[in-house]
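Following: one structure in structure tokens, then a few remarks.
Lettering of chains follows the sequences in order, A, B, ..., and the numbering in each one begins at 1.
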Protein chains: 2
Amino acid sequence: MNQASRPQSVDTAPATGRASDAIVSQIQQRILSGELAHNSPLPSERDLMEQFSASRTVIREAVAALASRGFLEAKPRYRPIVRKPGYDTALNSVGSIVELMLRQEDGVRSLFQARVFVERGLVRDAATSATREDIAALKDALAANERAIPESDAFFATDVAFHGVLYRIPQNPLFPTLHAAYASWLAPHWCQMLRSPERNQVNFASHQAIYTAILERDPDAAEEALVTHLDTAWNHVRETFGLD
Amino acid sequence: MNQASRPQSVDTAPATGRASDAIVSQIQQRILSGELAHNSPLPSERDLMEQFSASRTVIREAVAALASRGFLEAKPRYRPIVRKPGYDTALNSVGSIVELMLRQEDGVRSLFQARVFVERGLVRDAATSATREDIAALKDALAANERAIPESDAFFATDVAFHGVLYRIPQNPLFPTLHAAYASWLAPHWCQMLRSPERNQVNFASHQAIYTAILERDPDAAEEALVTHLDTAWNHVRETFGLD
DNA sequence: TGCGGCTCCTTGGTCAGACCAAACTTTCCG
DNA sequence: CGGAAAGTTTGGTCTGACCAAGGAGCCGCA
């Protein structure tokens, strides 16, 4: 509450039509600057309307806008929580729309195809430039995968985890985020599919083949193993949902 | 106004805290079903509050929510326009956040690196499975690129277009969208960079090398040419902005 | 007849004040 | 000392009102 007494002096965009826009950008700045700490609750709406000398209507509008952009997490009856957005927030905001597109099967195919595309690059990259630690992580994930063969639920988790290791190898924060997004989008579809230890065994074998190829620094083999693996998976998806 | 008289009978989620949620999902359905036609204006807020027998507060909240999710395009003082969302809408909604992340240079690097990653896959794919038409399109784009060498602005456009052709080859609607997104995100940075016919010449040569490799069905050569090309570009970016 | 300009109605944006129910805080009793 | 009860805060919703800008219709001039 230091300079809060003259909030209007710093108006960045007073000319525009929406009064809430100015407030949105101000609060946004406060969040980015840390003045409003990450994970702390937003001041009450009445407080804010005093700080910005605006009506509650405008304040609520601003809060809603910030929430929709991922700067706030607003549970129905609770105080909004300040969230400094990261890559995950970004992908999260697409989530709802992706969900919609997934309903028309063409979307599922496109998305899955895109995933194959990315992972092809990932395994090539892994084969050419994985570090000792990366390989070790892969080995661990593979071992966990093998142990989980009898239990389909656990197997699914370790399956996702194995692929997740691949996404972490390039050291680019975008990829793990992308993986999480993929997983969350496609998981509902996966869960509907019938699973069995036999099928798990096949998938594990594919993972092992990928791992081996990476170990041998053979990008082409790794890519092929990956493609085979995901093609098989896709066929299962097609069978299950009766797509094209 | 057929079934509008009993809007509460179809409530999908009446138990939740937010009253606007129900209205949001109903309007959303009407948009998806085509009952509210694409590009047509939304009924006035007063109309809607009658249809849903809700206060204007709630209606406005619902409209704002739909607008933030891309189902409506709401210019400040005008009637909201109905928009059936597509892939572009999805990526558009990330735009604002990406913009923010681009400000901390690490984000630029990550994003650029991810782009390199994707395009590596794209050129490999092009080299292995480009059709005659794809090759022709590439050739055209390359020719346009060459013609534009003297004029940096035009060159930039044809540069983007050339890469755009690569994104279209896999026939996956996600990729062109991604390309558009990349272009719009990185364009502001590119525009700040100094350009010259000499530099354009170098870039054109790179494009030509990529094209040649694709023509010769040589994925490795194509990938290498692409990586060289983008590495050079990245060095220019680094020089311009003084990144790590 | 055609068209720019004026008027009036519509409609989105904002405000003030009020009420309710759920969440939070404090108090008090076992 | 812990948990239940009472009181206070606070988000969600409603009502009614006002303002200014957009849009439709009217009018007069060319």
Side-chain touch A/L230/A/H163, heavy atoms, less than 4.5 angstrom:
yes
Where the side chain of A/T158 meets the backbone of A/A161, is there a donor-acceptor pair that is under 3.5 Å apart?
no
For A/S33, all residues meeting side-chain contact (heavy atoms from CB on, under 4.5 Å), sequence neighbours excluded
A/E35
Do the side chain of B/Y182 and the main chain of B/R115 share a donor and acceptor less than 3.5 angstrom apart?
yes
Can you tell me which residue pairs pass the side chain to side chain donor-acceptor pair (under 3.5 Å) test with a partner in residues 38-49 of chain A, sequence neighbours excluded?
A/N39-A/R83, A/E45-A/R56, A/E45-A/R60
Measure from the side-chain N and O atoms of B/S53 to the backbone N and O of B/E50, and report whether any donor-acceptor pair falls under 3.5 Å.
no
Which nucleotides of nucleotides 5-15 of chain D have their base under 4.0 Å from a protein heavy atom (B), which only their sugar-phosphate (S), and which neither (-), written as one string 5' to 3'?
-----BBBBBB
With distance as the sole test, does A/H179 use its side chain to make a donor-acceptor pair with the main-chain N or O of A/R168 at under 3.5 Å?
no
State which residues pass ring pair (Phe, Tyr, Trp, His ring centres under 6.0 Å) with B/F162; sequence neighbours excluded, sorted by chain then number.
B/H207
Do the side chains of A/P197 and A/P150 get nearer than 4.5 Å, heavy atoms only?
no
Heavy atoms of chain A, cut-off under 4.0 Å: which first and last nucleotide of DNA chain C, 5' to 3', fall inside that, if you could look?
C/dG13 to C/dC24
Residues from residues 62-72 of chain B lying under 4.0 Å of DNA chain D - heavy atoms
none
Does the pair A/D153/A/R195 count as a salt bridge with the N-to-O cut at 4.0 Å?
yes
